[in-house]
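Model, not experiment: these values are computed from the prediction. Heavy atoms only: backbone and side chains are in, while hydrogens, waters and symmetry mates are out. Here is the naming used below: chain letters follow the sequence lines, and residue numbers restart at 1 for every chain.
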Amino acid sequence: MAGVIRCGCMSITQSVVKAEDLDLSFAKTLEQLGIERVLTCMQCGTCTASCPSGRYAAYRTRLVLRKVLLGLREEILSDPDLWLCTTCYNCQERCPRRIDVVDLIIVLRNMAFATGHARERHVQISRFFVETGHLVPINEENMKKRRELGLSEKPPTTHSFPKALEEVKALASYFGFDKIVLGER
Amino acid sequence: MEYAFFLGCIAPNRYPNLEAATHKVMNALGVKLLDMEGASCCPAPGVLRSFHRELWLAVGARNITIAEEMGVDITTMCSGCYATLKEVNDLLKEREELRKKVNEALSKIGREYKGTVEVKHILEVFYFDLGIDEVASQVKRKISAKAALHYGCHLIKPTVHRRWTDSCEDPRFFEALVEFMGVTPVDYRDKLMCCGAGGGVRSGSPEVALTYTMNKLESMREVGAELLVNACQFCHLQFDLGQVEIKERYGKEYNIPVIFYTQLLGLAMGFSPEEMGLQYNRVEAVSPVKAILERSAE
Ligand code: SF4
Ligand code: SF4
């Protein structure tokens, strides 16, 4: 890419982006991963204008797309703001290019997670999932409430069926997920 | 009429009063909710799908196979669980190659996804399967109250995977589902905005999640909403427990009772606030609801 791209107030962290930092094949890679038409993004900003996280935090959806098109891979994946999307789908419903923006964010987050950019809290709840089958497992207080309500003390889920929990664990280990989240202990 | 009742995490493990109330209401309507023995977390679309999409697909498919063995469609009170199970189900039905991959993983645990059941949000059961007239015929008393309805996100979006014919920019089916109880739904600023909890934001950046929640509560208060009625156990937690967290963090108090749809319907069908488990809400709900019921009976 010739010359430099100057960026104003928002957070492409380098105000000068050098050609050697760009990976113009990144958007293509994402298209191959199922994010169709990502290369057709025209930077109209409808996504950012629709985004509640954009209203309440520094997160800018259009900027994610801009960085994707430029191929600033590392910058996208290491940016903690990537985790501010609530997956509300406003942008995806409204994008005039019909880009599946949420699916794109999910793919980017998968890459970030795999390269060690997850938040500690997210790794922690993943451990709950691998150990109990629930991202939000039962506790004493709620077992008591369940008894008072006339429900079984533990719900009829992996909490009550050890064999079922083994199945979930087997799937986690099939995909190597247990190693990723338990290994970081 | 019977369904495989998918619990997820938040209802059974944090708000079991919603689970108990829904069982009572459905039972009274003659709808059987069957346990899905050994089901796990859906897994949550905002978190696990964000961490490892392939595992998310496989575990979601495993949950669906439990209902397939039972031979009944799935229903759930959680829009997040609905989002996961509906998307997994639709994707695996549509894409053979993906189904093959997922079934390869499932074969390690002796399961196979077949694509023989549907996934329905519990509001779909009321709206499409039972029908508004049938549900309305069970109403025994009026609830004259101004209610702020919270649609949430995944009940209505992504629209390609949803059955509602309303536009997601101005849906009205939730209004239709409460008006026959005498409830007056009030429009408010940012009515269709997210509660803030989704996408791993509640777990990862609770202060951002609460900013969403606080803004919604603020605009509900502006229009004088007496109740907040929701259709998702995770949104329910975010608004109910969220009000406690907002008070702790920001010193702001809203005191808007948070009612899940089946609880509201149960009240209209004649169940008491205690029978609907309102005493387990974090924000006081029993006395304001009793006052509304007394006023409505006059
Ligand atoms: S709305 Fe679509 S086309 Fe417009 S900037 Fe966002 S992703 Fe690009
Ligand atoms: S889905 Fe995420 S990026 Fe899109 S509008 Fe909602 S919060 Fe913003």
Side-chain angles (χ1 to χ4, degrees), chain A residues 52-53 55-57 59 80 83-90 92-93 100 102 105-107 109-110 113-114 118-119 121-122 124-126 129 132-139 142 145-146 149-151 154-161 163-168 170-172 174-175 177 180-181, chain B residues 7 9-17 19-20 23 35-41 43-55 58-59 62 83 105-106 108-111 153-154 157-159 168-169 190 193-201 203-205 208-209 211-212 215 277 280:
Chain A
S53 282
R55 207 200 288 180
Y56 301 133
Y59 171 71
W83 299 89
L84 290 181
C85 163
T86 57
T87 70
C88 78
Y89 284 96
N90 278 0
Q92 183 155 325
E93 291 293 332
D100 290 337
V102 177
I105 291 165
I106 297 295
V107 171
R109 283 180 171 187
N110 273 220
F113 195 89
R119 297 198 171 184
R121 176 70 187 149
H122 286 155
Q124 193 184 358
I125 59 175
S126 299
F129 174 72
T132 70
H134 285 285
L135 278 156
V136 182
I138 191 82
N139 54 22
N142 282 284
K145 281 189 216 162
R146 294 185 64 85
L149 285 158
L151 297 165
K154 288 184 180 170
T157 61
T158 46
H159 277 329
S160 299
F161 295 89
K163 202 184 143 271
L165 179 56
E166 287 314 310
E167 290 184 15
V168 173
L171 289 176
Y174 177 81
F175 289 102
F177 189 72
I180 301 175
V181 300
Chain B
L7 295 173
C9 298
I10 300 297
N13 299 341
R14 291 296 179 272
Y15 279 86
N17 54 333
E19 183 183 335
H23 272 295
D35 286 350
M36 289 177 68
E37 293 188 349
S40 65
C41 174
V47 272
L48 212 84
R49 183 177 57 157
S50 291
F51 305 158
H52 201 299
R53 197 168 171 276
E54 285 173 303
L55 175 63
V59 177
R62 175 189 172 272
L106 290 181
K108 309 287 178 219
I109 56 168
R111 291 184 177 271
C153 306
H154 301 124
K157 296 171 282 182
T159 47
C168 71
E169 301 285 355
D190 293 325
M193 194 172 81
C194 171
C195 66
V201 176
S203 47
S205 313
V208 175
T211 309
Y212 275 69
N215 275 280
Y280 289 96

Report summary line: So, the part of A:Arg121 with a heavy atom under 4.5 Å from chain B: the answer is side chain
Requested in this report: With the side chain counted from C-beta on, respond yes when A:Arg55 and B:Asp190 share a heavy-atom pair under 4.5 Å apart, and no when they do not.
Outcome: yes
Query raised in the report: Does the side chain of B:Ser203 pick up a donor-acceptor pair with the side chain of A:Arg119 at under 3.5 Å?
Result: no
Report summary line: If one checks every heavy atom of B:Met193 against chain A at 4.5 Å, the contacting part turns out to be side chain
Report summary line: With chain A, the option among B:Cys168, B:Pro158, B:Ala44 that has the most non-hydrogen atom pairs under 4.5 Å is B:Pro158
Query raised in the report: With distance as the sole test, does A:Lys145 use its side chain to make a donor-acceptor pair with the main-chain N or O of B:Tyr15 at under 3.5 Å?
Result: no
Query raised in the report: So which of A:Val102, A:Thr158, A:Asn90, A:Leu84 has the biggest tally of heavy-atom pairs under 4.5 Å with chain B?
Result: A:Thr158
Report summary line: Residues A:Ala57 and B:Val208: closest non-hydrogen pair is CB-CG2, 4.3 Å
Requested in this report: Report the C-alpha distance between A:His122 and B:Phe51 in whole Å, list the side-chain angles of each, state the deciding distance to 0.1 Å, and finish with yes or no for ring-ring contact (aromatic ring centres under 6.0 Å, His included).
Outcome: CA-CA 9 Å; A:His122 286 155; B:Phe51 305 158; 5.3 Å; yes
Query - Engaged part of A:Phe175 at the chain B interface, taking heavy atoms whose separation is under 4.5 Å - result: both
Requested in this report: Select, from B:Gly198, B:Cys153, B:Gly46, B:Gly277, the one with the greatest count of heavy-atom pairs under 4.5 Å involving chain A.
Outcome: B:Gly198
Query raised in the report: Among B:Ala83, B:Gly196, B:Gly199, B:Gly110, which has the most heavy-atom pairs under 4.5 Å with chain A?
Result: B:Gly199
Report task. Please look at A:Ser53 and chain B and tell me whether the side chain, the backbone, both or neither of the residue comes under 4.5 angstrom of a heavy atom of that chain. Result -> both
**Report entry** Considering all heavy atoms, the nearest B:Val201-A:Trp83 contact
**Finding:** CG2-O, 3.7 Å
Query raised in the report: Quick one: CZ on A:Phe177 to CG on B:Leu48, what's the gap to the nearest 0.5 Å?
Result: 5.0 Å
Query raised in the report: Closest approach of B:Ala105 and A:Tyr174, non-hydrogen atoms and distance?
Result: CB-CE2, 3.4 Å
Query - Part of A:Ile125 lying under 4.5 Å from any heavy atom of chain B - result: side chain
Query raised in the report: Can you name the closest pair of heavy atoms from A:Arg146 and B:Pro12 and give their distance?
Result: NH1-O, 3.1 Å
Report task. Side chain from CB out, backbone as N, CA, C, O: work out which of these in A:Cys88 comes under 4.5 Å of a heavy atom of chain B, or both, or neither. Result -> both
Report task. Please tell me if the side chains of B:Asp35 and A:Thr157 come closer than 4.5 Å, counting only heavy atoms from C-beta onward. Result -> no
Requested in this report: Compare every heavy atom of A:Leu149 with every heavy atom of B:Pro16, then report the nearest pair and how far apart it is.
Outcome: C-CD1, 3.6 Å
**Report entry** Part of B:Arg62 lying under 4.5 Å from any heavy atom of chain A
**Finding:** side chain
**Report entry** Option that, when pairs with chain B are counted at under 4.5 Å, heavy atom only, ranks first among A:Ile138, A:Asn110, A:Asn142
**Finding:** A:Asn110
Report task. Examine whether an atom of A:Leu151 lies under 4.5 Å from a heavy atom of chain B, and if so say whether it belongs to the side chain, the backbone or both; otherwise answer neither. Result -> side chain
Query - B:Lys108, part contacting chain A, at a heavy-atom distance under 4.5 Å - result: side chain
Query raised in the report: Any sub-3.5 Å donor-acceptor pair from A:Glu93's side-chain atoms to B:Thr159's backbone N or O?
Result: yes
Query raised in the report: Between the side chain of B:His154 and the main-chain N/O of A:Thr87, is any donor-acceptor distance below 3.5 Å?
Result: yes
Query raised in the report: So which of A:Pro137, A:Pro155, A:Ala118, A:Ser160 has the biggest tally of heavy-atom pairs under 4.5 Å with chain B?
Result: A:Pro137
Report task. Tell me, for B:Val59 versus chain A, whether the close heavy atoms (under 4.5 Å) come from the side chain, the backbone, both or neither. Result -> both
Query raised in the report: To the nearest 0.5 Å, how far apart are CZ in A:Arg109 and CZ in B:Arg49?
Result: 9.0 Å
Query raised in the report: Quick one: what part of B:Leu7 sits under 4.5 Å from any heavy atom of chain A, side chain, backbone, both or neither?
Result: side chain
**Report entry** Pick from A:Asp100, A:Val107, A:Leu135 with the largest number of heavy-atom pairs that fall under 4.5 Å of chain B
**Finding:** A:Leu135
Query - Top of B:Ala20, B:Cys194, B:Ala39 for chain A proximity - count of heavy-atom pairs under 4.5 angstrom - result: B:Ala39
